[in-house]
Amino acid sequence: MTIATDKFVTGSVVAASLAPTAFDGFDPVLRRLLAGKQFFVKQADGRWRPQGCQLGLGCHCFEFSDLRDPH
C-alpha cells in the first residue's frame with residue numbers, strides 16, 4: 001500500500017472522497033452527501049476543509065490521510 005504525501009500548498013483545491021471512518025460520527029444524511037467526491041481546500045494549519053458551506057461543515061476540517069485519491 002502506498003502512503004500519499006501531502007505536497008499541496010495552502011489554498012490548493014483537490015477533488016477527493018473521504019475515508020468512511022472520517023465521517024462515521026456524522027448525521028446519516030450528511031454521511032450520504034459526503035460519500036462521493038467533494039472539493040477540499042487546504043487550510044493554513046495543513047488540514048483540509050470541504051469547499052463552500054453548503055454541507056454545513058464550514059468549520060469541520062479533515063486530515064490529508066482522511067482524503068482518498070486526492071487530485
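Just so it is clear, the values below take in all heavy atoms, side chains as well, and ignore hydrogens, waters and symmetry mates. None of these values were measured; they are calculated from a predicted model.
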**Q** Between Q51 and V13, is there a side-chain heavy-atom distance shorter than 4.5 Å?
**A**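 Yes - at least one pair of side-chain heavy atoms lies under 4.5 Å apart.
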
**Q** Atom OG1 in T10, atom CG in D45: separation rounded to 0.5 Å?
**A**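 T10 OG1 to D45 CG: 8.5 Å, rounded to 0.5 Å.
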
**Q** Out of curiosity, does F39 fall in the hydrophobic cluster containing V41 (side-chain heavy atoms, cut-off under 4.5 Å, transitive links)?
**A**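 Yes, because V41 and F39 connect within a single hydrophobic cluster, where side-chain heavy atoms sit under 4.5 Å apart.
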
**Q** So, D24 and R31, do they make that salt bridge, N to O below 4.0 Å?
**A**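 Judged by the 4.0 Å cut-off on N to carboxylate O distance, D24 and R31 do not form a salt bridge.
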
**Q** Would you check if Q43 and C61 make a side-chain contact, meaning some heavy-atom pair closer than 4.5 Å?
**A**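 A side-chain contact under 4.5 Å exists here.
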
**Q** At their closest point, which heavy atom of V14 faces which heavy atom of P70, and how far apart are they?
**A**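 Of all heavy-atom pairs spanning V14 and P70, the closest is CG2-CB, 4.1 Å.
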
**Q** Enter the distance from R47:CZ to F64:CZ here, rounded to the nearest 0.5 Å.
**A**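 Here the interatomic distance stands at 15.5 Å.
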
**Q** Look at the aromatic rings of F40 and F62 and report parallel, tilted or perpendicular, splitting at 30° and 60°.
**A**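 Perpendicular.
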
**Q** Between P50 and H60, what is the shortest heavy-atom contact and its length?
**A**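 So the minimum-distance heavy-atom pair works out to CD-O, 3.4 Å.
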
**Q** Starting at CZ of F26, measure out to CZ of R32 and round the result to the nearest 0.5 Å.
**A**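 These two atoms lie 15.0 Å from each other.
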
**Q** Could you grab the distance from atom OG of S17 to atom CG of D69, nearest 0.5 Å is fine?
**A**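 With rounding to 0.5 Å, OG (S17) is 7.5 Å from CG (D69).
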
**Q** To check you understand the geometry: which heavy-atom pair defines the closest contact between D6 and W48, and what is its length?
**A**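 Taking every non-hydrogen atom into account, OD2-NE1, 3.2 Å.
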
**Q** How far apart are the closest heavy atoms of A15 and K37, and which atoms are they?
**A**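 Closest heavy-atom pair between A15 and K37: O-NZ, 4.1 Å.
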
